[in-house]
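Hydrogens, waters and symmetry mates are skipped; everything else that's a heavy atom, side chains included, is used. Per chain, numbering begins at 1; letters A, B, ... match sequence-line order.
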Amino acid sequence: MPNGNGTIINMQGIHKVYDTGKVKVDALKGIDLKIQRGTFAAIIGPSGSGKSTLMNILGCLDVPTDGVYEFNGERVDGLHHNRLAEIRNEQVGFVFQNFNLLPYATALENVELPLIFKGVPTKKRRERAVELLEKVGLGERVSHLAIELSGGEMQRVSIARALANNPSLILADEPTGNLDTKSGRAIIELFEELWQKGHTILIITHDPNIPQRTERVIHIKDGQLTENGNGAH
Amino acid sequence: MASVTFLSQMFRDMRSQKLRTLLTMFGIIWGTSAVILLLSFGEGIHMNQRKSVHGLGEYIVIMWGGRTSQDFQGLPRNREIRFKEEDAALLQTVPHMKAVSAEYGQGGVKARVGKVDKLVRISACWPVFAEIRNLIPQEGSRFINDEDMKYRRRVVFLGTELAEELFPGQDAVGQYIHLNGVPFQVIGVMKQKEQDSSYNSRDTRMTFIPSTTFKTMFGREYLNNIVFKADEPKNVPQVISGVYEALGAKYKFAPDDKEALSMWDTSEMETFFNAFFGGFRIFLGVIGAFTLIVGGIGISNIMNVVVEERTKEIGIKMALGAKKRFVRTQFVLETLLLVTIGGLIGFLFSYAVISLFPLLHFEEYVGIPRMSFSVSVAAISILGLIGLVAGYFPARRASDLNPVEALRL
Ligand SMILES: Nc1ncnc2c1ncn2[C@@H]1O[C@H](COP(=O)(O)OP(=O)(O)OP(=O)(O)O)[C@@H](O)[C@H]1O
Ligand SMILES: [Mg+2]
C-alpha cells in the first residue's frame, strides 16, 4: 500500500481536551490537516505544543474529543476500540523516542509482535521478521535481547517492527531524541530510504537538520497549526 | 491466533518475574495442600472410627432381658423377662430380620494349655454369630458350624490375642485347650480387628463354643442375651418393634413396654458418628476452602501489582495492535496457569504426604488418610473458580488501560 496517490490523512477541526478532573487542557484546538500518500513530513513545534497528542490521534492510538478524521478514506473518529487496534496493527507503524521495545524479548520477538497480533503463522512470521531486521542492518542481532542492544540498534529494531505489517503510514515521535548524532543521522537516512521506496512518513522532531531533508514541514504551536512549509498539500 | 505463540509469549513474560511467580504459586500450593490434607485426614479418621464401631458388628442389636413396667392382661408390672434359646429361634420369623443368635456367657473359666493357666470368658453361640459380630476366621481355620451344634462337639474358636498367648508362635488350630478341665479342640482363630466398643470383654480375648455344648456343660436354662441384625440399616427400628411384639405376645407384656427388654442398637451410634463426621468434614472443607480463597485473594493482589509493573508492556502491545481481548486473555491465562501449576504441586505434595503417612504407623489413632474422589473434585473446582476470579479482575484492569497513558510511563 505504500505507493499510490491520493489523500491518506484528512483532518478537520480536530480538538483534543485532556480532562484530568481538576483542570482541562486544550491540547489541540481545531487542527485541519491533509496529507498525501507518499509524503515525507516533519512536525515541529515547542515543547507542550501538542505534537505527541497529534501523533497519537493520527496513529489511532487516541481518539479526538471533537472533529472529523479520515484515515485511508475511513472515518476513524469514534470507531470501536477493536477496529482501532486493527488499524494500528495493519496500517500504522510507530517509532518512539524511547523505543518502547519489550526489554526481555529478543530483537526477533519484538519485530514479530505486530505479526502475532495480525495472526501471521509462525514460519512466515519468522521469515518476515528476519527479513526486516536484515533490511535495517541488524541481520547479526536477531537473537539478542533488546536490552543488550545499543540505542541506535534499538531504534532500528523498532523501525523494523513498525514496518512489519507493511503499514501505509509511519509515525515517528522524536526518533533521534535519545541517540547520538551519528546514529541519529543513520536513522534519518533509513527513513529517507523508506520514503524513497514509497512509504508515507511523519516525523516529530526537535532536530533542526531533519526539516531540511523533508518535503514538507508542519509547524504546530499551542495546539494549532501555524504554517505548512514547502508547499505540497 | 496460534495458541503456541501465545503461550510462549506468556512464558517469556512470566520468566522475567521468577520470584514473584514463585511466591504467588506458594500461596496456592499451600491452599491446595491444606484442603486436600484436611479432608483426607478427616476421611481417614472417619473410616477408622467406623471400622472400630463395626468391630462389634454392623448395625446389630444386642438384647438382654428386662422388667415389665406396665400391668398387662391382668398380670402385674415388675415381672422379670428372661429368654431361652428357643426365643432366638422364634425371632427369626420377625419381618426384615436377617440373622439372630442366642448367646450364653460365662466368665472366670480356667483355660489350660500344657502348664499355662488363664482365666477366660466363654461366649456360647450359634454359627451365625460370626457373621453378626464380624468374627472372621484366620486363613485355614473356621468358626462353629451346624455339625458342631448338632453333635455338641467340644470345639472352640479363639480370639486373636488369647490364641497368641496360649499358643505363642504356634498354629493353635487342631490343638487342645482345657476349659474348666474339659478338653476342647481349637477349630479357629479370629482375624485381627479394630474394636472400640464391646459388652463383656473384647472379642480378641474371648473363647467361643457352640451353645449346645455349653448347655450340656453348665446346665444353664436362660440366655445371657440375644444378638440380631436387620437386613438393612434403615429397617432396624422396624425389626426392634417386631421383636417387642413377638416376645410381648409370648411373655405377655405390652409391645410398647420398653423396659421389658433392654436393647443396645449399635446403628444409633453409627448414625451419630455419621452425622458427627459429616459436620466435621464440612467444617474442614470450609476451613480448606477459605484457605484457598485467601490464596486466591493473594494471587489477585499480586496480579494487580503485576499489571501495574507491566503497564508499559501492555501499552506497547496495544500500540502495536493487540486488542483488549488479547491482553485480558493473557492475564487470565497467566493466573490460571499459576493456579494450575500451584494446584498440581499441592496435589503431588499432599499425595506424597498421604502415601508416606502410613509408614509412621499412626493409623491406630487417626486411621489411614485417604484422598477421595469427591475431595479431589471439590478441590479442583474450587481451585479453577479461584483461578478465574483471581485472574479476571487484574486482567480487566490491564485491558482497560488507556494505551497512551500506559506508554507515557
Ligand atoms: N494525558 C494528559 N493529561 C493531561 N494533559 C496532557 C496529557 N498529555 C498531554 N497533556 C498536555 O497537553 C499538552 C500537549 O502535550 P504533548 O505531549 O502533545 O506536547 P508535545 O508537543 O509532544 O511536547 P514535547 O515536545 O515536550 O513532547 C501539554 O500541555 C501537556 O501538558
Ligand atoms: Mg511529545
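- Considering only residues two or more places apart in sequence or on other chains, B:Ser40 meets the side chain to side chain donor-acceptor pair (under 3.5 Å) condition with none of them.
- Residue contact with chain B, scored on non-hydrogen atoms closer than 4.5 Å, is absent for A:Leu84.
- Here the side chains of B:Lys323 and A:Glu86 are in contact, with some heavy-atom distance below 4.5 Å.
- Atom CZ of B:Phe290 is surrounded by 12 or fewer heavy atoms from other residues, nucleotides or ligands within 6.0 Å.
- In this structure, a donor-acceptor pair under 3.5 Å is present between the side chains of A:Asn100 and B:Lys312.
- The neighbour count for B:Tyr351 OH, taken as heavy atoms of other residues, nucleotides or ligands under 6.0 Å away, does not exceed 12.
- Only the side chain of A:Asn98 comes within less than 4.5 Å of a heavy atom of chain B; its backbone N, CA, C and O stay farther away.
- The CG atom of A:Leu61 sits 7.5 Å away from the CG atom of B:Asn402 when rounded to the nearest 0.5 Å.
- Other residues, nucleotides and ligands place no more than 12 heavy atoms under 6.0 Å from the CD atom of A:Glu140.
- With rounding to the nearest 0.5 Å, the separation of NZ in B:Lys317 from CZ in A:Phe117 is 6.0 Å.
- For the residue pair B:Ile316 and A:Leu101, the shortest heavy atom distance occurs at CD1-O, 3.8 Å.
- Taking a 6.0 Å sphere around CD of B:Gln192, one finds it holds 12 or fewer heavy atoms contributed by other residues, nucleotides or ligands.
- A:Leu102 is listed as a side-chain neighbour of B:Glu313, based on a closest heavy-atom distance under 4.5 Å.
- Remark: B:Leu320 CG to A:Arg161 CZ distance equals 4.5 Å, nearest 0.5 Å.
- Across A:Ala85 and B:Ala322, no two heavy atoms sit closer than the pair CB-O, 4.1 Å.
- Distance CG/A:Asn82 to NZ/B:Lys324: 9.0 Å, rounded to 0.5 Å.
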